[in-house]
> 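First, the structure itself, so that you have it in front of you.
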Amino acid sequence: MLDTTRVQKELVECNRDTAISGVSIDLHDGANLTHLCGSISGPLGTPYEGGTFIIDIQLPSDYPFEPPKMQFITRVWHPNISSQNGAICLDILKDQWSPALTLKTALLSLQALLSAPAPDDPQDAVVAQQYLRDYQKFVGTARHWTDTFAKIATVGIDEKVSKLVEMGFPEELARSVLEAVKGDENAALEKLCSG
């Protein structure tokens, strides 16, 4: 059975120093502790710098004795992350998991993985081959994917906020919700309408 007390403590601990660590975790649907949403900032000095990467986190019923199931929701160009479905190849999410590890250490490990890819143990063979054979092209592609999928588009945000304000939503709320959903108007409207 899921240790809910531990999970709640881990959420508080993870979100305590988000500005420093660059990682955070929220409840996915507001109440269910088994389905979480993680966020990691792209590490400085990498093609992922400036991006915010969203990770779907599913906790098995016997967590922390079994590893969390994590998958990138944000598309990312990386040898150890599937460019198709966000699956992650990382030992601590598989056979090297220990109950001494936490959700925060798992997210920090994903952040470290962005800094130090392991192309010899790939999740995505195409990306790994590009990394090994044409590193500059890999960096350019990874940067492009970060710009396209992991950065909030500030261009057009003001127009989207104006549309939501015209619908009767407060400007500050509209802006913060749009930023939270990376500028996706439909997702913002759905979130605003659901309360």
Side-chain angles (χ1 to χ4, degrees), residues 1-43 48 50-76 78 80-90 92-94 97-99 101-114 123 145-146 148-153 157 160 164 169 172-195:
M1 185 160 169
L2 184 70
D3 184 347
T4 56
T5 304
R6 173 176 165 150
V7 174
Q8 289 169 334
K9 284 180 182 175
E10 285 192 39
L11 291 177
V12 169
E13 174 58 33
C14 185
N15 294 327
R16 182 173 290 144
D17 65 350
T18 298
I20 297 167
S21 68
V23 302
S24 66
I25 301 176
D26 292 306
L27 298 176
H28 186 266
D29 58 12
N32 184 354
L33 283 176
T34 63
H35 194 188
L36 307 170
C37 184
S39 172
I40 60 175
S41 298
Y48 312 104
T52 300
F53 299 86
I54 307 302
I55 291 90
D56 184 70
I57 304 169
Q58 302 273 342
L59 299 182
S61 59
D62 48 359
Y63 177 84
F65 300 102
E66 289 293 320
K69 292 174 178 32
M70 294 187 170
Q71 180 176 353
F72 274 79
I73 298 300
T74 308
R75 295 188 67 190
V76 59
H78 189 284
N80 307 108
I81 302 160
S82 171
S83 60
Q84 302 300 308
N85 64 19
I88 303 163
C89 181
L90 183 64
I92 69 159
L93 295 179
K94 296 183 175 51
W97 176 259
S98 158
L101 298 174
T102 65
L103 294 169
K104 182 177 182 177
T105 56
L107 289 176
L108 289 171
S109 295
L110 289 178
Q111 196 177 47
L113 184 67
L114 291 178
Q123 175 69 37
W145 277 46
T146 299
T148 304
F149 302 114
K151 290 188 178 176
I152 295 173
I157 285 281
K160 293 175 184 179
L164 292 171
F169 297 104
E172 211 172 285
L173 179 63
R175 186 172 302 281
S176 68
V177 169
L178 268 168
E179 288 173 356
V181 296
K182 306 241 183 286
D184 183 330
E185 270 180 284
N186 293 328
L189 189 56
E190 186 177 310
K191 203 167 191 166
L192 286 165
C193 289
S194 66

> For residues 104-112, run the donor-acceptor check on the side chains, cut-off 3.5 Å, and write out each pair with its distance to 0.1 Å, sequence neighbours left out.
residue, atom, partner, partner atom, Å
K104, NZ, D17, OD1, 2.8
K104, NZ, D17, OD2, 3.1
T105, OG1, T102, N, 2.8
T105, OG1, T102, O, 2.8
T105, OG1, T102, OG1, 3.4
S109, OG, T105, O, 2.8
Q111, NE2, S21, O, 3.4
Q111, NE2, S41, O, 3.0

> Would you please test C14 and I25 for side chain to side chain contact (heavy atoms under 4.5 Å, CB included) and show each step?
CA-CA 7 Å; C14 185; I25 301 176; 3.7 Å; yes

> Rounded to the nearest 0.5 Å, how far apart are CG of L11 and CG of L36?
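L11 CG to L36 CG: 5.5 Å, rounded to 0.5 Å.
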
> Would Y63 and L33 count as a side chain to side chain contact (heavy atoms under 4.5 Å, CB included) here? Give the steps.
CA-CA 11 Å; Y63 177 84; L33 283 176; over 6 Å; no

> Of the non-hydrogen atoms in L178 and A188, which two are nearest, and what is the gap between them?
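Result for this residue pair: CD2-CB, 3.8 Å.
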
> Examine distances only and state if a side-chain atom of W97 and a backbone atom of P64 form a donor-acceptor pair shorter than 3.5 Å.
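Confirmed, W97 side chain pairs with P64 backbone.
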
> Only pairs under 3.5 Å count here: list side-chain donor-acceptor contacts from residues 55-62, not counting sequence neighbours, and write none if there are none.
residue, atom, partner, partner atom, Å
D56, OD1, H35, NE2, 2.5
D56, OD2, Q58, NE2, 3.4
Q58, NE2, H35, NE2, 3.0

> For R75, check salt bridge (Lys or Arg N to Asp or Glu O under 4.0 Å) against everything at least two apart and list the hits.
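In terms of salt bridge (Lys or Arg N to Asp or Glu O under 4.0 Å), with neighbours along the sequence ignored, R75 is linked to no residue.
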
> With sequence neighbours excluded, tell me which residues meet ring-ring contact (aromatic ring centres under 6.0 Å, His included) with F149.
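So F149 forms a ring-ring contact (aromatic ring centres under 6.0 Å, His included) with W145.
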
> Between the main-chain N or O of L113 and the side-chain N or O of H78, is there a donor-acceptor pair closer than 3.5 Å?
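Side chain of H78 to backbone of L113, a donor-acceptor pair under 3.5 Å: yes, one is there.
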
> According to the interplanar angle, ranging from 0 to 90°, do the rings of F72 and F53 count as parallel (below 30°), tilted (30 to 60°) or perpendicular (above 60°)?
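Perpendicular.
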
> Can we say E13 and R16 salt-bridge, meaning some charged N sits less than 4.0 Å from an Asp/Glu carboxylate O?
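Between R16 and E13 there is a salt bridge, with a charged N closer than 4.0 Å to a carboxylate O.
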
> Using modelled atom types only, decide if a donor and an acceptor are shared between the side chain of Q123 and the backbone of A87 within a distance under 3.5 Å.
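No, the answer is negative, given that no donor and acceptor are paired below the 3.5 Å cut-off.
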
> Which distance, rounded to the nearest 0.5 Å, do you find between the NZ of K94 and the CD of E66?
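Here the rounded value is 13.0 Å.
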
> Applying side chain to side chain contact (heavy atoms under 4.5 Å, CB included) to L173 and L164, what does each step give before you reach the verdict?
CA-CA 10 Å; L173 179 63; L164 292 171; over 6 Å; no

> Applying side chain to side chain contact (heavy atoms under 4.5 Å, CB included) to T5 and K9, what does each step give before you reach the verdict?
CA-CA 6 Å; T5 304; K9 284 180 182 175; 4.0 Å; yes

> Which residues pass the side chain to side chain contact (heavy atoms under 4.5 Å, CB included) test with S24, sequence neighbours left out?
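In terms of side chain to side chain contact (heavy atoms under 4.5 Å, CB included), with neighbours along the sequence ignored, S24 is linked to N15, T18, S39.
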
> Could you list the residues that satisfy side-chain hydrogen bond (donor to acceptor under 3.5 Å, both in side chains) with S176, not counting sequence neighbours?
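side-chain hydrogen bond (donor to acceptor under 3.5 Å, both in side chains) check on S176 returns nothing, list empty.
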
